[in-house]
Every structure is written in C-alpha cells, then in structure tokens.
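Written below as structure tokens is the structure these notes are about.
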Protein chains: 2
Amino acid sequence: MKQGADLQSLMGYQIQRANLRMDADARAALADYDLSPAKMTALILIRDNPGCDQTALGRALSINRSSAMKLVNILVDKGLIERRPGRDLRTNALALLPHGESQLKAMLKAVGRSDARMTAGLSADELKTLKDLLERVGAADEETGD
Amino acid sequence: MKQGADLQSLMGYQIQRANLRMDADARAALADYDLSPAKMTALILIRDNPGCDQTALGRALSINRSSAMKLVNILVDKGLIERRPGRDLRTNALALLPHGESQLKAMLKAVGRSDARMTAGLSADELKTLKDLLERVGAADEETGD
DNA sequence: TATTGTTATACTCTATAACTATA
DNA sequence: TATAGTTATAGAGTATAACAATA
C-alpha cells in the first residue's frame, strides 16, 4: 500500500505509527502479567505518588473519574494495590501492595528490555533529542473532560 | 502528579503521551466531519490506492479483515466511498466517491492546521529530525524480526 | 486448501449521566 | 455549591470464530 505525501507530511501520523509499534511490543512483553502498558503506568504512578486519589490518577492518565474507577477496581481485584482512608471522608488514598511492588519490578524489567530493543537503532544522543522534541510537541493544553 | 525516573526513561511512554495530545487535537479538528483521524487515514489510503481491497486496507491500518469490514461499512454508509467489482469474484475494489474526495480535502485542511499548530514550537529542521527519528523507532525490531 | 468477504459475538477502553456522601 | 466516589449504561474500536463463495 502506497502512503502518499499527505500522510508523510502529518507529524501526528508519524507519531501514531511509532506509538503503535512501541505499544504492541510492550504489550507482548507484559503478556505474562495480564496487564496492559497503561495499567503498568498506573502502578508506577501510584508507587511514585503514594496516597494519591483516583481523580488525580485519572488526570495523570488523561481519563475521567469513572474510567479511573474501573481501572482501580481491576488493580485492586488483582491484589496489586489497595484503597486506604484518604485526606477526608470522600477520598481514598491509593497504595501499592507488596505483591504489586514485586510484580511491578518484573514488569519494568520486561518493558525496559522491550523499549531498549525497539530503540536500539538510535544513539544515546538521538534518544535524548527524540525525547526532547516529543515533549515539545503539543506542549499547550492538556485536559480531561467529565 | 510526580512522574518518576521509570516513566521518564521509557521512550514508549514519551511517544504515547505525544500521540495522545496530537490525536485529541486532530479529533477535535475533525469534529464537524464526524470522522476519527484513523477513518480519515483510511480515506487517504483508498484515494492513493484506488481499487485496493478491504484486506489490504486493513493490513495498512494494522487491523484485521473483520475490523476493516466494519470501517468500510461506515465509510460506505456516509457516502464517502464505494465497493466496486474487484480483480476476482471474491474481492471488492474500494473507490473514493466525489463526495468523499471533497470531504477529504476539507478534512486534510483542518487536520493540517491542527498538526501545524501542535508542532509550532519546533523549527523546520527539528521537525525533519523528529520525523526521521520516529521512523527509526522500532525499525531495528522489524529488520531482525521474522 | 487458501483467501475474501461476511456475520455474530465478545472484550477493552472510555465516556456520560445520575446518585451519595461528604466538604 | 462543589468535589470524590460510585453505578449503570452506552459507544468506539478491535478481536475471534465460524460460514459461504471463490480461487
């Protein structure tokens, strides 16, 4: 299939294709853990922000309260995290459980290997440049509706 | 929300975040046309590969025959494309209709504006570099893979 | 036998709207 | 009034499994 000038010239398309390749490989790397890359990201955020509430987690993942609820339910059901009493009676404080911590360590190893393999064709300088440029793409608004 | 070293170091995460921002803006730019960026991509591919069949279209979009079927149904229902007799009696030849062509032109304008706005912070050289680096992400895997 | 289109079904992810209990 | 969590429901988007027609 030919991909004409229109697709080639859209940066959004280039990013989307690269994302598809990276996500597919990361997903395969996590197959043994029955978690998607996005759910692993949630575990990392909870570990690095202990006591955060569901709404804040959702905001960081660009999903709304309701979607965050479902995500948290899954992680709780798997015994990876726990809901604890939060800063007031409306809020809960999310916490990574020991089982979640050990699982996350293994997942990070697997995804790290995937990430390294997928970017093996780029030098350290190029990786730094790529990360910098990506951060500057769409640096404007970010929001999650409700 | 703090994003620790683990997320910062994963290129897959950086790409995914940039993709989310770009996709959201492109989606908003296409709101008037009631089509997602992915469906616009399908229209471009059909325009640039007239007579292609559904399976080939699906392959180009990384979706399977059944999903391609649903996608084509939607584009047909909207009067944008048409199924014509293909190279044998099993196959359809997909063709962009005049209405699809004019719609696509307008959509490309809108998405082009979105893309330009989102990448306005990057110089022409930087855009070229970014595209080059993105194309090489996951390329090593494809070369050595089976 | 293999391939293309097709249909039925199901799963993932996300969203909206409404309700509750707090604040 | 506003916010956090919750629940029910719905809509994309994709996948698998089967089948018919054709190659």
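Letters A, B, ... mirror the listed sequences (proteins, then strands); counts begin at 1.
- Qualifying side-chain contact (heavy atoms from CB on, under 4.5 Å) partners for A:Asn73, counting only residues two or more places apart in sequence or in other chains: A:Met69, A:Arg83.
- One can place CZ of B:Arg27 at 11 Å from P of C:dA15, the figure rounded to the nearest angstrom.
- Applying the side chain to side chain donor-acceptor pair (under 3.5 Å) test to A:Glu135 and every residue at least two apart in sequence or in another chain returns nothing.
- Of the residues in residues 33-52 of chain B, none has a non-hydrogen atom less than 4.0 angstrom from any atom of DNA chain C.
- To the nearest angstrom, P of C:dT4 lies 13 Å from CG of B:Leu57.
- With sequence neighbours excluded, no residue satisfies side chain to side chain donor-acceptor pair (under 3.5 Å) with B:Asp48.
- DNA chain D is contacted by B:Asp88, B:Leu89, B:Arg90 of residues 74-92 of chain B, taking any non-hydrogen atom closer than 4.0 Å.
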Would you tabulate the side-chain donor-acceptor contacts of residues 29-43 of chain A under 3.5 Å, counting partners in other chains and residues two or more places apart, or write 'none'?
unit_1  : atom_1 : unit_2  : atom_2 : d
A:Asp34 : OD2    : A:Lys78 : NZ     : 3.0
A:Ser36 : OG     : A:Lys39 : N      : 3.2
A:Thr41 : OG1    : A:Pro37 : O      : 3.0

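- Here the shortest heavy-atom pairing between A:Met1 and B:Ala60 reads CG-CB, 3.8 Å.
- With sequence neighbours left out, A:Asp115 forms a salt bridge (Lys or Arg N to Asp or Glu O under 4.0 Å) with no residue at all.
- Atom CD in B:Gln16 sits about 12 Å away from atom C1' in C:dC13, given to the nearest Å.
- At whole-Å resolution of the value, CG in A:Asp23 and P in C:dT12 are 15 Å apart.
- Annotation: proximity of residues 62-72 of chain B to DNA chain C (heavy atom, distance under 4.0 Å) is found for B:Arg65, B:Ser66, B:Met69, numbered in ascending order.
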Sequence neighbours left out, cut at 3.5 Å: what donor-acceptor pairs do the side chains of residues 95-105 of chain B make with other protein atoms?
unit_1   : atom_1 : unit_2  : atom_2 : d
B:His99  : ND1    : B:Gly79 : O      : 3.4
B:Ser102 : OG     : B:His99 : O      : 3.1

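- Distance CG (A:Asn73) to P (C:dT12): 14 Å, rounded to an integer number of Å.
- The side chain to side chain donor-acceptor pair (under 3.5 Å) search around B:Asn19 returns none, not counting sequence neighbours.
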If you look only at distance, which donor and acceptor atoms sit under 3.5 Å apart when one is on a side chain in residues 8-15 of chain B and the other is two or more places apart or in another chain?
unit_1  : atom_1 : unit_2 : atom_2 : d
B:Ser9  : OG     : B:Ala5 : O      : 3.2
B:Ser9  : OG     : B:Asp6 : O      : 3.0
B:Tyr13 : OH     : B:Gln3 : OE1    : 3.3
B:Tyr13 : OH     : B:Gln3 : NE2    : 3.4
B:Gln14 : NE2    : B:Gln8 : O      : 3.3

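- Between A:Ser62 atom OG and B:Arg21 atom CZ the span is 9.0 Å, to the nearest 0.5 Å.
- For B:Asn92, the side chain to side chain donor-acceptor pair (under 3.5 Å) partners two or more places apart in sequence, or in a different chain, are B:Gln54.
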